[in-house]
Number of protein chains: 2
Amino acid sequence: MPFQDDFYKSAFSVDNVIFGFDGNNLKVLLIKRKHDPFAGYWALPGDIVQPDQDLDEGALQVLEKLTGIKDVYLEQVHTFGKVNRHPRGRVITIAYYSLIKIGEEDIRPSSFADKVEWKEIRAIESLAFDHLDIVNTCLSRLRRNVKYRPIGFELLPKKFTLTELQNLYESILEKELDKRNFRKKILSMNVLKTHNELQKGVAHRPAKLYSFDAYKYEAAKESGFVFEL
Amino acid sequence: MPFQDDFYKSAFSVDNVIFGFDGNNLKVLLIKRKHDPFAGYWALPGDIVQPDQDLDEGALQVLEKLTGIKDVYLEQVHTFGKVNRHPRGRVITIAYYSLIKIGEEDIRPSSFADKVEWKEIRAIESLAFDHLDIVNTCLSRLRRNVKYRPIGFELLPKKFTLTELQNLYESILEKELDKRNFRKKILSMNVLKTHNELQKGVAHRPAKLYSFDAYKYEAAKESGFVFEL
DNA sequence: GCAAAAGTGTTTTCATTACACCCATGT
DNA sequence: ACATGGGTGTAATGAAAACACTTTTGC
């Protein structure tokens, strides 16, 4: 019996802002709540953390239950702890975001959710609890991180074209980039692997396919290279 | 009675990495624990968060109890939640850092601490619990933030010389800076107020005194200026 | 007058930006 | 043959880096 039982009772949960990219827009996976509080509202997938469960584990499990995906980029962002953020008691929540490749998931609505849907980030207007705050905080964090860490690739299929990569950055940063400068910069970093393979079935000159080369990246990092876009 | 009572019991605390600068070195305020667990160990000041208390409030209160200081720069950094991080039960802790001006505090050892001392950051080798991790995480965060936000000033007296400011940045970033370039850059930002007042009692040419001008900074920010060092 | 830190500009170097045309494919 | 996006280089601009001497004070 832990010592704090007599002293203090409370709960903590994790909420996970799951980002995906469909080629045009940045999206977030939301659930429609079945039960009160906030029955019928869209909300972030999340859950109470078990006493024998690490926080990261909790966040990963939320994602796995919902999508079947196990290996995933996950990052803790912020802990939301306003006294009245949960109408039924004191519950603080540790917010994470994760990045997944849309299409690889196998969505399974759960006991507590009616529906699960990818929602365009710009179209999200209200959510249960303080989840809109959480989404916005995670989005700003993603925007900052994507410039300084090679994580954009987590949102694309393993093989992608440079234009796809550029579109991704443009959606996240909400800013147009110059094609030639973008390609020059990303290729000069030397963290991509070129495949001898082209796009198929497109009504124009097919693009070369690339993938992120984690090995090259680690090697470059060793010798002082810093990813920066 | 909150709904989670039957379901799950746990506690959460805040720990505060209180940074100060003595003119030469970056320091952290540590307490020496009186009681088990970790009696006799140096540790971060922290406390359990009360059920009716916001997290930020909890972190501020820890600082106020210890130093008497109320208005302070405070930032949440990360939540540490390993299952076994606390030997007596499941306690997750939300880590904050704050920046204070050394000398303005009035330290009062509390019921749970024998001693309170400023320790040089480089000299800290082991701490109670996972507090060394927490210090390191907060230090990296401070290093990043200090480059992009005008927060260095929080560690200096209201009026300071440019050399003091440069020394501060050099200690935090652990990197030497060029005097002329530093001055050029910081002055060109136009966020400092020049006083018609000089340093006193120094055995060399006395330096001009400056202070951070929050008003100028806010105005500049409005028109798109971004602080970056 | 000597020691100690304050204060001050110019040149070089490098990274970022801006910009327009030909190429390969499907229909 | 035409529509569509793929792919490519160079010049101009601006920011960062490198660098050394004179000034003012206390002792």
Side-chain angles (χ1 to χ4, degrees), chain A residues 21-25 146-148 156-157 159-171 173-211 220 223-229, chain B residues 21-25 146-148 156-157 159-171 173-211 220 223-229:
Chain A
F21 180 67
D22 69 358
N24 295 302
N25 291 295
V146 90
K147 289 172 142 180
Y148 300 108
L156 293 176
K159 297 181 185 177
F160 49 84
T161 69
L162 292 184
T163 302
E164 283 164 356
L165 187 61
Q166 184 178 342
N167 288 341
L168 170 66
Y169 276 98
E170 288 181 339
S171 310
L173 302 175
E174 293 191 323
K175 187 182 157 185
E176 302 221 322
L177 303 172
D178 179 273
K179 183 160 66 155
R180 278 180 288 193
N181 294 338
F182 178 81
R183 295 161 99 92
K184 205 190 312 173
K185 181 139 197 191
I186 202 91
L187 290 174
S188 74
M189 288 184 186
N190 215 35
V191 296
L192 295 187
K193 184 172 165 184
T194 314
H195 294 267
N196 285 329
E197 200 177 335
L198 300 177
Q199 234 181 350
K200 278 185 183 159
V202 286
H204 56 76
R205 175 173 173 181
K208 275 186 205 158
L209 292 174
Y210 294 84
S211 56
S223 21
F225 163 77
V226 181
F227 183 94
E228 195 182 339
L229 201 106
Chain B
F21 180 67
D22 68 357
N24 296 301
N25 291 296
V146 90
K147 288 172 144 180
Y148 299 109
L156 293 176
K159 297 180 185 177
F160 49 83
T161 69
L162 293 183
T163 302
E164 283 165 355
L165 188 61
Q166 183 178 342
N167 288 341
L168 169 68
Y169 276 99
E170 288 181 339
S171 311
L173 302 174
E174 292 191 324
K175 187 181 159 189
E176 301 221 324
L177 303 172
D178 179 89
K179 184 161 64 155
R180 279 180 288 196
N181 293 337
F182 179 81
R183 295 162 98 92
K184 205 187 315 170
K185 181 140 198 189
I186 201 92
L187 289 175
S188 75
M189 287 184 185
N190 215 34
V191 297
L192 295 187
K193 184 172 164 183
T194 315
H195 294 268
N196 284 330
E197 201 178 336
L198 299 178
Q199 235 181 350
K200 279 187 183 157
V202 288
H204 56 76
R205 175 173 175 180
K208 274 186 206 157
L209 292 174
Y210 294 84
S211 57
S223 22
F225 163 77
V226 181
F227 183 94
E228 194 181 339
L229 201 106

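Bear in mind that the values here come from a model prediction, so they are computed numbers and not experimental data. Proteins get letters first, then strands, A, B, ... in listed order; numbering begins at 1 in each. Just the heavy atoms: all of them, side chains too, but no hydrogens, waters or symmetry mates, feed the values below.
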Output the rounded distance in Å from [atom1] ([X]) to [atom2] ([N]).
X: Tyr210(A); N: dG6(D); atom1: OH; atom2: C1'; answer: 10 Å
X: Glu176(B); N: dC19(D); atom1: CD; atom2: C1'; answer: 15 Å
X: Leu198(A); N: dT4(D); atom1: CG; atom2: P; answer: 21 Å
X: Phe182(B); N: dT8(C); atom1: CZ; atom2: P; answer: 15 Å
X: Leu177(B); N: dA6(C); atom1: CG; atom2: C1'; answer: 17 Å
X: Lys147(A); N: dA15(C); atom1: NZ; atom2: C1'; answer: 16 Å
X: Leu187(A); N: dT16(C); atom1: CG; atom2: C1'; answer: 17 Å
X: Arg183(B); N: dA16(D); atom1: CZ; atom2: P; answer: 18 Å

Touch class at under 4.0 angstrom, heavy-atom based, for Thr163(A) against every strand present: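 Since only primed, P, OP1 and OP2 atoms lie under 4.0 Å of Thr163(A), the category is sugar-phosphate.
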Is there, by distance only and without an angle test, a donor paired with an acceptor across the side chain of [X] and the base of [N] below 3.5 Å?
X: Arg180(B); N: dA20(D); result: yes
X: Lys184(B); N: dT10(C); result: yes
X: Arg205(A); N: dA3(D); result: no
X: Asp178(B); N: dA16(D); result: no
X: Lys185(A); N: dT17(C); result: no
X: Lys208(B); N: dG7(C); result: no

Spacing of CZ belonging to Arg183(A) relative to CG belonging to Leu177(A), to within rounding of 0.5 Å: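 Reported to 0.5 Å precision, the distance equals 12.5 Å.
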Atom pair OG1 (Thr163(B)) and CD (Gln199(B)), whose distance is rounded to the nearest 0.5 Å: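 Output value for this atom pair is 7.5 Å.
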Nearest listed nucleotide, side chain of Lys179(A), among dT8(C), dT8(D), dT25(D):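 When the side chain of Lys179(A) is considered, dT8(D) is the closest of dT8(C), dT8(D), dT25(D).
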Closest nucleotide among dT8(D), dA18(C), dA5(C) to the Asn181(A) side chain: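 Of dT8(D), dA18(C), dA5(C), dA18(C) is nearest to the side chain of Asn181(A).
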Residues Ile186(A), Gln166(A); criterion side-chain contact (heavy atoms from CB on, under 4.5 Å); working and verdict: CA-CA 10 Å; Ile186(A) 202 91; Gln166(A) 184 178 342; over 6 Å; no
Phe182(A) side chain near Leu229(A) side chain, heavy-atom distance below 4.5 Å: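 Phe182(A) vs Leu229(A): side chains touch.
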Within 6.0 angstrom of Glu174(B) CD, more than 12 heavy atoms from elsewhere: yes
5'-most by nearest nucleotide on DNA chain D - His204(A) or Leu162(A): His204(A)
First encountered from the 5' end of DNA chain C, between Ala203(B) and Ala207(B): Ala203(B)
